[in-house]
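Here the structure is laid out as structure tokens; the discussion comes afterwards.
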Amino acid sequence: MADLKVMKLDAGSDEQFQRIDQPRSKQPVNWYIQQLMKLEGHLWIQTIFFRGNMGEKKIDNTTSEELQLLIGHYKKINPEKVMVYTIDREPPASGLQKLTKE
């Protein structure tokens with residue numbers, strides 16, 4: 001697919017979005033969602049799920065609140081596909097936990 005765009009979205013709340021995706025522009029998650037909604041063609045969204053600590057910051061995009069926010073974002077963006085996965089190899093921060101399929 002020549003017009004395939006694969007984009008990342010790893011959190012529903014702005015707090016977790018800033019911690020996980022660490023956007024250079026420091027724009028809030030809702031700004032990012034608006035940009036994704038403007039993309040035309042085939043759009044796939046990748047989301048990695050994990051929890052733990054990165055330094056002093058707690059990271060967890062698996063809570064009920066985060067999942068509900070993410071699902072709401074997916075509905076707004078309306079991607080062709082959402083790909084979900086967890087950590088596959090040793091993470092860059094030792095305090096992060098790989099999740100099981102359950």
Side-chain angles (χ1 to χ4, degrees):
M1 280 182 257
D3 61 347
L4 175 63
K5 296 162 193 77
V6 180
M7 306 298 288
K8 296 277 296 158
L9 179 61
D10 298 318
S13 71
D14 193 54
E15 179 182 14
Q16 292 299 313
F17 176 73
Q18 297 298 325
R19 288 181 183 173
I20 295 170
D21 289 328
Q22 301 177 359
R24 289 182 184 211
S25 68
K26 301 298 181 204
Q27 295 290 340
V29 69
N30 287 329
W31 178 89
Y32 187 67
I33 300 307
Q34 294 298 317
Q35 304 314 303
L36 292 174
M37 290 169 60
K38 294 176 186 177
L39 295 176
E40 296 181 8
H42 301 279
L43 175 62
W44 295 1
I45 301 290
Q46 289 182 336
T47 301
I48 187 168
F49 288 104
F50 60 94
R51 66 176 71 101
N53 296 304
M54 194 181 303
E56 300 286 320
K57 298 177 182 177
K58 180 180 179 182
I59 293 180
D60 189 350
N61 62 351
T62 68
T63 65
S64 179
E65 177 187 358
E66 284 295 319
L67 294 173
Q68 290 303 313
L69 289 168
L70 265 170
I71 290 167
H73 295 327
Y74 297 149
K75 288 179 179 179
K76 287 180 191 173
I77 299 165
N78 195 28
E80 189 173 290
K81 183 184 283 192
V82 175
M83 298 179 288
V84 298
Y85 57 102
T86 190
I87 298 169
D88 188 41
R89 53 188 175 273
E90 190 66 33
S94 61
L96 301 179
Q97 302 168 2
K98 177 180 180 173
L99 303 177
T100 64
K101 289 183 180 182
E102 292 78 37

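Both backbone and side-chain heavy atoms feed into the values below; hydrogens, waters and symmetry mates do not.
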Separation between CG (Asp60) and CD (Glu66), nearest 0.5 Å, reads 7.5 Å
Side chain to side chain contact (heavy atoms under 4.5 Å, CB included) between Ile77 and Met7, intermediate numbers included: CA-CA 11 Å; Ile77 299 165; Met7 306 298 288; over 6 Å; no
Are Leu43 and Val29 in one and the same hydrophobic cluster, where Ile, Leu, Val, Met, Phe, Trp and Tyr link if side-chain heavy atoms are under 4.5 Å apart? yes
Below 4.5 Å, heavy atoms only, C-beta onward: do Asn30 and His73 meet side chain to side chain? yes
query = Heavy-atom count around Gln27 CD within 6.0 Å, excluding the residue itself: above 12?
reply = yes
Rounded to the nearest 0.5 angstrom, the CG-NZ distance for Asn78 and Lys76 is 13.0 Å
Margin query: Treating Lys81 as the side-chain partner and Pro79 as the backbone partner, does any N or O pair qualify as donor plus acceptor under 3.5 Å?
Written below: no
Test side chain to side chain contact (heavy atoms under 4.5 Å, CB included) on Phe50 and Ile20; report intermediate values, then the result. CA-CA 10 Å; Phe50 60 94; Ile20 295 170; 3.9 Å; yes
Task: Atom NZ of Lys8 with >12 non-hydrogen neighbours under 6.0 angstrom - done: yes
Interatomic distance, CG@Asp21 vs CG@Leu9, rounded to 0.5 Å, equals 7.0 Å
OG1 of Thr47 to OH of Tyr74, rounded to nearest 0.5 Å, is 2.5 Å
query: In terms of hydrophobic clustering (I, L, V, M, F, W, Y; side-chain heavy atoms under 4.5 Å; direct or indirect links), are Met37 and Ile45 co-clustered?
result: yes
message = Under 4.5 Å between side-chain heavy atoms, counting indirect links through other Ile/Leu/Val/Met/Phe/Trp/Tyr residues: same cluster for Ile33 and Leu69 or not?
response = no
Does Lys26 have more than 12 heavy atoms from other residues, nucleotides or ligands lying within 6.0 Å of its NZ? yes
Evaluate the criterion side chain to side chain contact (heavy atoms under 4.5 Å, CB included) for residue pair Val6 and Gln46; output intermediate values, then yes/no.
CA-CA 7 Å; Val6 180; Gln46 289 182 336; 3.6 Å; yes
Sorted by chain and residue number, the side chain to side chain donor-acceptor pair (under 3.5 Å) partners of Gln18 (sequence neighbours excluded) come out as Asp14
Q.
In this structure, would Phe17 and Leu39 fall into the same cluster of hydrophobic residues linked by side-chain contacts under 4.5 Å?
A. yes
- request: Check the hydrophobic clustering (I, L, V, M, F, W, Y; side-chain heavy atoms under 4.5 Å; chains of links allowed) and say if Leu36 and Trp31 are grouped together.
  value: yes
Value for OG1 (Thr62) from CZ (Arg51), rounded to nearest 0.5 Å, stands at 3.5 Å
